[in-house]
Structure formats: structure tokens, C-alpha cells
Student: 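Structure below; questions to follow.
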Amino acid sequence: MADIDVPKILQGYDLDNITIATVCSHTSLQIFHGARKEGFKTLGITVGENRAKYMDAFPRAKPDEIIQLESYDQILGMTEELRERNTIVVPHGSLVEYLTPAKFVQMEVPTFGNRAVLAWESDRAKQREWLESAGLVMPREIKDPKTIDEPVLVKYSGARGGRGFFIARNYRDFKANIEMGKQYTIQEYILGTRYYLHYFYTPLQQHAYNLSKGSLEMLSMDRRDESNIDEMYKLGSQEELKEQNLFPSFVVTGNVPVVIRESLLPKVIDMGAQVVERSIELFGGMIGSFCLETVVTDKLEFRTFEISARIVAGTNPFITGSPYADFIYDDMSSGRRIAMEIKMAREMDRLNEVLS
Amino acid sequence: MADIDVPKILQGYDLDNITIATVCSHTSLQIFHGARKEGFKTLGITVGENRAKYMDAFPRAKPDEIIQLESYDQILGMTEELRERNTIVVPHGSLVEYLTPAKFVQMEVPTFGNRAVLAWESDRAKQREWLESAGLVMPREIKDPKTIDEPVLVKYSGARGGRGFFIARNYRDFKANIEMGKQYTIQEYILGTRYYLHYFYTPLQQHAYNLSKGSLEMLSMDRRDESNIDEMYKLGSQEELKEQNLFPSFVVTGNVPVVIRESLLPKVIDMGAQVVERSIELFGGMIGSFCLETVVTDKLEFRTFEISARIVAGTNPFITGSPYADFIYDDMSSGRRIAMEIKMAREMDRLNEVLS
Amino acid sequence: MADIDVPKILQGYDLDNITIATVCSHTSLQIFHGARKEGFKTLGITVGENRAKYMDAFPRAKPDEIIQLESYDQILGMTEELRERNTIVVPHGSLVEYLTPAKFVQMEVPTFGNRAVLAWESDRAKQREWLESAGLVMPREIKDPKTIDEPVLVKYSGARGGRGFFIARNYRDFKANIEMGKQYTIQEYILGTRYYLHYFYTPLQQHAYNLSKGSLEMLSMDRRDESNIDEMYKLGSQEELKEQNLFPSFVVTGNVPVVIRESLLPKVIDMGAQVVERSIELFGGMIGSFCLETVVTDKLEFRTFEISARIVAGTNPFITGSPYADFIYDDMSSGRRIAMEIKMAREMDRLNEVLS
């Protein structure tokens, strides 16, 4: 676990009056909706005037209270108040990004999940080490752009949200597109169909796909919409479009529900299981929701691009279940599954195993 | 409201025996299914032999009775009979199209919604005035084809259902494709990912995103399938296909469920709210279901193409809820939401506010 | 019906203790989940170590027992044991493929559905005769590749799962791509949007779209993901990619839920009805789940590529219903519908009509 003394903080908590809190964005509707279904109080954090007003449109998902700050950094200054409210923060990708990982791991409020994962997730080399040692196959990295002889993805370091990378088919493409002065990585471009796999690991019980400790569930799968690449083909070939200064971009704008063919599920489950087992060895275990971003080739092989070690926005299509969650629970979203885990841990007096 | 004296007609109604009626097409399964769930009698109107027989396959959505006419115009000749049955017509896009807007606004049967909206919706210039004065950004219109220097959409006036428009990247493209003698409009082609946003405005209560009167809900989102453009890329480049006389077309054939990233929801809700507020100022308010057809660019900006001021076929994927409706209600489709509104208005003795 | 003496076998069955069995793959999660919901015992068959372990992740869908064999052929050697367990096998595409149709039709255990369908389904010419005589329009077959003057699909005989076919736009394309020595068929390539239509035919009751005997339901629709063709356009034109040895492939990897525009439903229902009526005339009737694989052109016409005469993987997105099943039942998947049919047949003492 990370350095926050969670057991000590919890000693001061009224565990019958836990408040579940997160930043109003990303997956917050689902997190609050699920928390309410499990009987928790809810608190939303937002920055700027009216950024959370949209939640009024969704009464069952609107938190009991919304605190408006001037900056996300101010969260760090209100940790005492949050502890007084018996708060458990459920982190999603935007919360970690807005606070920055460095500050997030220092926030002195119990959070759902194991914050030790960030050291392995935020560092590209360590992430690769973790996933490859768990048996996952990731796209090859290419060091020398001159050797590019097949489609590659060129990513600028620190690229967020999908901008800042391009596909190059050869060195000529690379030179034509690269912006000088920026740091980049090059990896093979994997052609296939994309599946974002949403798992949930619980250390508390062995009721599903049992691991050395606890068990693994698979709750849902999605595919992302990306602007403008998804619909760019309608305008003609990329060469012609480049003449008109239209370049493909990969900004995530939404999600659609998908299922994968059942014959690929053994591999899907095994990949999730190996990643969790490896995480237990490396840093005590990645707890709760996580997502493997994968592509399936036409040889039915998986290539994993990335792991997100918390709830991802791709779970947003699945508020009352999914074709996978329905095989485990009634009416279960990932947001609700998190609240259910906190509730179960409290009942078992094992909150220390799911918080950090 | 429009010119039909609805209060007077309702005085003659047995409000405990309302029949909800619509034309058997478009969203009628959902409308009848929802009406039945809310306890209403249902009546389907169809033209031609056996055009409504398919509804037998869906027992819970099949109306109690189906009246077969020889033409849709005959609806206008049976308004007395419809009033005797305490009928409220729920209009969808096909009903308005088959009757024609001019005849629809004159039909002397109460309809759900405000028929005054048609004057602003059916006229391209007034629709643009309405939406732009509400703060929405629409694609620019281009007057002179010679000035085309970026992708544009060329639409033939009166084009229906997706045929009758093409994409041109420059003036040469335009000249090569334009059919002489036809009236057309040219607008910038917005590249991005498409989201059809399905809202519901109720003047009856302030329980969701509250407006100056009533409140706004967002019930679902979809993306349309379009034949043949969706899959045309599989055959090769558009230039080669044109040599073989294969041109892209945009005929809507179906829909898929989508969600948008949560950080775009503030804008989504605000756009719907501004459109409704403006409609209240302009013509007394657009009541009930409506849809904004939008594209999200890779700068995460919305461009709105069009408004449909009633229930749209894109709501058909969501019969027992959606990832948005589930945050407001159990088991709610747009068709059921309409029936629920009629029921609520009747209970509040405020039917005049939701009918015209 | 086929040659297995089902009435005789059933005489020896304890009908209150039926076990529903299938191979662990394809749609087995859904089949077991539905069988359990209907109160049946469940038995999974798998080959190889740990191929069914993934089912642990889905407790409600995991069969009561899993038998591990060394090869699928061994199923034929355990038919006596299966009959002792009062087993009814629910066949899916993978089960039939693994056993091979020839062995499947000889398996001496009652199966759900009418095994006589295989003679008409597995033979391309007979399948075409069946569907075309039922009024369906299939893609034209082209005998002489020299006459190719529009896009065509070239399929190698015995191609499975999507590999082994390519699109050719003319004879030059054909010659450039064809692998000598392989048998192939050529059919027109239909450009449009794809809809896989999932029906259910019950001979037991006339409660839905009634046929000469029994009735037809439509339970759901999907579209398949295909690797690598779905995302190939992101890399550029097919010509450039071929220079880099990248060829389009059509391997099915998953499914997304879709709905079709309601004005196409009369044709959808009619096609299913005609296919069933013709099947009754030809071989006693195709019972239970079946799927028509179709494309809708931009003239809103259907072209049917293929029929699958049993439950298809495209039903996997719909575990607790679909926008179509919801108009007939609560909480119904195709897997559950099959179990429900077996249960209903047992109650009516008409199992012989749904098994072979």
C-alpha cells in the first residue's frame, strides 16, 4: 500500500456514515449512482462555476452535496474536512490527472484502490515491465525511425486524450509528420479490432475466477469513439485530405457497448488474472476496477496497449448491467461494484484491504 | 400553441379513457409499448394492406386496434371519430411527413407537443435563427460554390432520408457531382464523431435540470447507420469507385447506442436548455421529446446540424432504459416518457400545457 | 425430423430432471445462464485442459458440471451416459463445426431443433434453393471471373471464420489476388449496412407472428466486428497497404447491438416467416433460433447472404433483453428462450416437436 496511514485514519471514522466522494466528471454519475444504491452518502467536487450543474439532469446520480473549489489543488487543503465527513475518495482518470499523480498519492484521505499502482502505471517502462512479465504481448517499440518499414504509431510524450500522435507507414511518412523538438516514442501499429476490457479484482472473496488471493470478475467491454479518425474515410483518401490540411486525430469523444467472441474469453480472463497476480507480487495488488486496452488481430491474438488501473469511462454505457455483469449480478455498473466492495469490506472489517 | 382549440376538445373527452394513437412506423412500437405500460388504450393507423402486420411479432407493443386507411390524408377525415375515442395523437417524424406539415398542423385532434414548433423547424432559415440565437453553433453556409476550399456538404432542397446530397472537397468536385437544375444548399462539412442527443422537456415539474418553467431531461443518445457510406471504405478509394459508378450515399437504415464522454455533458445539457428557453420565447415552447443532431470535432466542440422537435427513431434502442434514462427512471423509453407525461398532465389537470 | 428416434429415447427420460448440455464456447454462457433461469440442470463439454476455466468468472452462467474430453469426437462415445442424465443438447455453431455436421446428425442424444435442417444449410446450392424459393434475394453468383465488372466477393470453399476471401473490383484485381489451386465461388459484393437478424420459431403456440403452424418472434439484431477490415481505413488506402503486404481480412472478433429502422420491420418479419414456412414444406420445419445475415442497400432493399439455423454469437449482447425481445418478454436472451421452449414443450407433452 501507499504511505497514507489508512488504518489510523479509519479509526477516527464513523463507518456507518461513510461519504463517497469524487470529482464531478469522467465516471462520476455512475460512481454516485452506485454509491447511493449501496446506501452511502455522496459528495461531488468541482472547479469553476456551474461545471457540475449538468448533474441536475440526472437526479439519481447527483451527489447529495457538491463542493465547488477554485482549483483541484484545493482538495489537498480540505483533507481534514473530508476526514471529518468519513470520506472515501473513489478516484477516476480525470481526478488523478487534474490533481496530478504526484499529489494524488499524497492526499491524506482514504481512497478506493491501491495507490501504489501509480508508480507502475504512470511510468511507460515500468508499465511495460509489469504487463510483459505478466505474459501480455504489447506492441513492439521502435527506437530508430529510419527502420520503420511497417505502420507505426508515433506518440508525443505527455500526450493526453488522443491528440499528439500520428500513424506513419514508413520513414518518409515519419519525416513528413514529425514535429521537431518534441519527445516521442514509436511503436508498431497493430491493425485489428479494439476491445477495452473492464475487470474488477476483489481481494475479499473467492466467488468468481479465483486467484491466489481473492477473485477476478469481468464486468463489461466497450469501444471508444475517436474524433476525427472514425469518420475521416468519408471524405476521401488521407493523401488528398493532407493536401487540404486535414490530418487524422484520435480524440476520445464517447463509447459504444461491445461483446467479444466467446472463444476469446479464456484469453481475456487469463490476461486479467495474470496482471493481477503480477501486481500482487510487485506492489501488493491492484484493487478494484481496471481496464486493459487491447486490439485483436485477424489471427485472433491480443495486443495490449495500455492498462488503466481504475474505473474507466468505457464503463459508462453499463449503468444497469452488461452482457457480462449480468452473468454475475443484477443491475450492476462498475461504479456500483466499487460501492458494493466498500460496503462488503466494511461488513467484513477489512476496509484496509481495499483502501489506500 | 397552434390553432386547434384543445381545451374545448378536451372538455368533451372522457379523460379516464384516453386512446393514444399514432401511425404504425418509425417509433410506433415504442410509443404503443409505453402507452400500454402507463395504462392507456392504443390505436394504430396504417395505410395499405398488411403494412402493420409485423406488429404481431411484438405482442406488448401491438396496439389494441389498427385502423387501415387508403391514404394518410384520410386521417383528416376521421378526426370526429378519433375525438369520440378520446384520442391523443403522438406525432413522430413519419406521421408528420406522410400527412405533410401543413395538414398536420390543421388536424383537429389533440396531439402531444406544441404544433407551433413546425413553423420554426420546417423552415431552414427559421430553424437556423432559432438554434443560433440559442447559442448553438451550426455549420456555416456557403453561398458561392466557387469559393469551396474545404470539404462541404451539398444538399438538394427537399432531400429526404439521406439521399440527395454529396460531399465535395473543392469546386472541381462540386462541378463534377452537381445535378443541374436542382436547388441546393452548401454547408461546411464538419468532420468528427456524431451524437444524436435525445432530450425530453416537461413544463409540468421542476425535478431535473430546471428551466425558467419546467425542466429538461436527457434520456439517451444514438448514432445512425448510413447506407452505403458506412462500409464503402471496404471497397477501396472513392475515386476508383466513382469510375465504377459507385457513389457514396447517406440513407439511414438503423441505429446503435452510444454514450458521450462525461466532460461533454455540461455542454450537452446547456445546449438543450438554451434551445428550450429560446423556444419558449419564440413560440410558447417545444414540449416533450426532441433531438439535436450533432457532431463533436477533435477540439471537443459541438456543431449542431439539425433539430427534430419530436421523438426520433434513434430512441428505438432504448426500450427498458438507457445509460442516461437509468439516472432518472426505471425502465423508461422515450415512448413511455411521452405517455407518462400525458398521464401526469391529466392528474394535474394541465393537459393543455402538453397538447396542441 | 432426422433419424434419431427421439420419442423412444425420451420414454426413458426422467423429464423432471432434464440436463441441458452444450460445448463450452460460442454462446454457451448464455445457454447455461438461460437454462438455469428456467430451472434446468446444466452440463458443459470441453476439450483440453482449462479451456472452460473462464466460466468461473461468470458464476450465474457456469454449468453445474463440466466434462473434459480429449477430443470432441468423444462426445459420440458418451451418448449413453448423456441419455442417463436425461440430456438435451443445445447445438451452437461451434459444436456443429467441432463435431462436423455429419457426426452431429448421428449423435444419439436428443438435440434442440430439427437436425434435418443441416442438409439444407450446409450445402451452398441447397441453401440458396431454400432461401430463394422463400422469396429472399441473395447476391448473384458469378461463374466466369473474366466477366467481373463490379465489386465481387471471392470466397474459397470451406473458408471458416472469415479468412479466405477477398473483394475484387474487376478481373485484374481477381488475378492479382487469387491463390491458384484453391476452389472458389464468386458473388456480387453488396454494399450497404449489415444486419444480423435473430429470430425464434416456435411450433408450440400462436402468440406472436402466426404462421401456418406456430409463430415467429424476432428477438434481437447485431452487427459483427471484423478484423482487420473494420479499422483498416485508418492506415490509408488499400493500394498502399498492399504494397506493404497488408491485405484486408474479415475475421469475426465480436458484436455490437443494433436496431433497424422500423419501416424495414415488415420486410424483416416477412423474410423470417417465408423462410420458416418454406422450411416446413422442405424438411418439416427449422425449429427455434435462427439468423438471417443481411445487408440493407441504399435503396432500402435486403440482400441475404446466409442463414444460420441455430443460435448465433450475435445474440451474446442481449442477456437480459433487447429492444425487440423487450416487446415480447421480460429479461429474455436467445439462450433463455431455448430453455423456455424446452420447458414449455415438456409441459405440453410436445417435446418431440422441438427436439431431434
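Within every chain, numbering begins at 1; the chains are lettered A, B, ... in the order of the sequence lines, protein sequences first and strands thereafter.
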Student: Applying salt bridge (charged side-chain N to carboxylate O under 4.0 Å, His left out), which residue pairs with at least one partner in residues 204-215 of chain A are found, sequence neighbours left out?
Tutor: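 As it turns out, the salt bridge (charged side-chain N to carboxylate O under 4.0 Å, His left out) pairs with a partner in residues 204-215 of chain A, which skip direct neighbours, are A:Lys213-A:Glu353.
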Student: So what's closer than 4.5 Å to chain A heavy atoms on C:Ala313: side chain, backbone, both or neither?
Tutor: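 For C:Ala313, neither part sits under 4.5 Å from chain A.
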Student: Only pairs of heavy atoms separated by less than 4.5 Å count here; which of C:Thr27, C:Asn50, C:Leu29, C:Leu246 has the most with chain A?
Tutor: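 If we count pairs closer than 4.5 Å to chain A, C:Leu29 comes out on top.
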Student: So that I can tick it off, tell me whether C:Glu38 and C:Arg336 are bridged by a salt bridge, with the cut-off set at under 4.0 angstrom between side-chain N and carboxylate O.
Tutor: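 A salt bridge is present here (some side-chain N lies under 4.0 Å from a carboxylate O).
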Student: Test the C:Lys53-A:Tyr209 pair against the cation-pi criterion, namely NZ or CZ under 6.0 angstrom from the six-membered ring centroid and within 45° of the ring axis.
Tutor: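 So C:Lys53 does make the cation-pi contact.
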Student: For A:Pro257, which atoms come within 4.5 Å of any heavy atom of chain C: side chain, backbone, both, or neither?
Tutor: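 A:Pro257 touches chain C through backbone and side-chain heavy atoms alike.
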Student: Select one option (side chain, backbone, both, neither) describing which atoms of A:Leu264 are under 4.5 Å from chain C's heavy atoms.
Tutor: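 Contact with chain C is through the side chain of A:Leu264 alone.
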Student: Relative to chain C, which segment of A:Tyr195 carries a heavy atom at a distance below 4.5 Å: side chain, backbone, both, or neither?
Tutor: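 A:Tyr195 touches chain C through side-chain heavy atoms alone.
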Student: With a 4.5 angstrom heavy-atom cut-off, which part of A:Leu265 approaches chain C: side chain, backbone, both or neither?
Tutor: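 Both backbone and side chain of A:Leu265 come within 4.5 Å of chain C.
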Student: Only pairs of heavy atoms separated by less than 4.5 Å count here; which of A:Thr297, A:Val256, A:Leu216, A:Val295 has the most with chain C?
Tutor: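 The answer is A:Thr297.
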Student: Taking only Lys NZ, Arg NE, NH1 and NH2, and the carboxylate oxygens of Asp or Glu, determine whether A:Glu341 and A:Lys343 approach each other closer than 4.0 Å.
Tutor: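 No, A:Glu341 and A:Lys343 are not salt-bridged.
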Student: In terms of heavy-atom pairs under 4.5 Å, which option from C:Ser94, C:Ala61, C:Ala52 contacts chain A the most?
Tutor: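 Among C:Ser94, C:Ala61, C:Ala52, the one with the most close pairs to chain A is C:Ala61.
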Student: Anything under 30° is parallel, anything over 60° is perpendicular, the rest tilted; go ahead and classify C:Phe290 against C:Tyr199.
Tutor: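 It falls in the parallel class, under 30°.
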Student: Report which part of A:Asp270 has an atom under 4.5 Å of a heavy atom belonging to chain C: side chain, backbone, both, or neither.
Tutor: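 Contact with chain C: none, neither part.
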Student: If I measure from the heavy atoms of chain C, does A:Ile260 come under 4.5 Å with its side chain, its backbone, both, or neither?
Tutor: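 Both backbone and side chain of A:Ile260 come within 4.5 Å of chain C.
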Student: If I measure from the heavy atoms of chain A, does C:Ser333 come under 4.5 Å with its side chain, its backbone, both, or neither?
Tutor: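 C:Ser333 has no heavy atom closer than 4.5 Å to chain A.
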Student: Can you confirm whether the side chains of C:Thr253 and A:Thr193 place a donor and an acceptor under 3.5 Å from each other?
Tutor: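 The answer is yes; a qualifying pair exists.
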Student: Heavy atom to heavy atom, less than 4.5 Å: which residues from residues 222-235 of chain A reach chain C?
Tutor: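 Answer by number: A:Arg223, A:Glu226, A:Ile229, A:Asp230, A:Tyr233.
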Student: With a cut-off of under 6.0 Å to the ring centre and 45° to the axis, is A:Lys267 in cation-pi contact with A:Phe302?
Tutor: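 So A:Lys267 doesn't make the cation-pi contact.
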Student: Between C:Ser25 and A:Glu262, is any side-chain donor less than 3.5 angstrom from a side-chain acceptor?
Tutor: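 No, A:Glu262 and C:Ser25 have no side-chain donor paired with an acceptor closer than 3.5 Å.
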Student: Measure the acute angle between the ring planes of A:Tyr171 and A:Phe174, then classify it against the limits of 30° and 60° as parallel, tilted or perpendicular.
Tutor: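 Parallel, since the angle between the ring planes stays under 30°.
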Student: Do A:Glu217 and A:Arg337 sit within salt-bridge range, that is, some charged N less than 4.0 Å from a carboxylate O?
Tutor: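 Looking at A:Glu217 and A:Arg337, the cut-off is met.
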Student: Closer than 4.0 angstrom, basic N to acidic O: yes or no for C:Asp64 and C:Arg36?
Tutor: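 Salt bridge flag = yes for C:Arg36 with C:Asp64.
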Student: Cation-pi check, C:Arg60 to A:Phe327: give yes when NZ or CZ is under 6.0 Å from the six-membered ring centre and within 45° of the ring axis, no otherwise.
Tutor: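 Here C:Arg60 fails the 6.0 Å and 45° test against A:Phe327.
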Student: Determine the option with the most heavy-atom pairs under 4.5 angstrom with chain C, choosing from A:Ile328, A:Ile269, A:Val258.
Tutor: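 Among the listed options, the one with the most contacts to chain C is A:Ile328.
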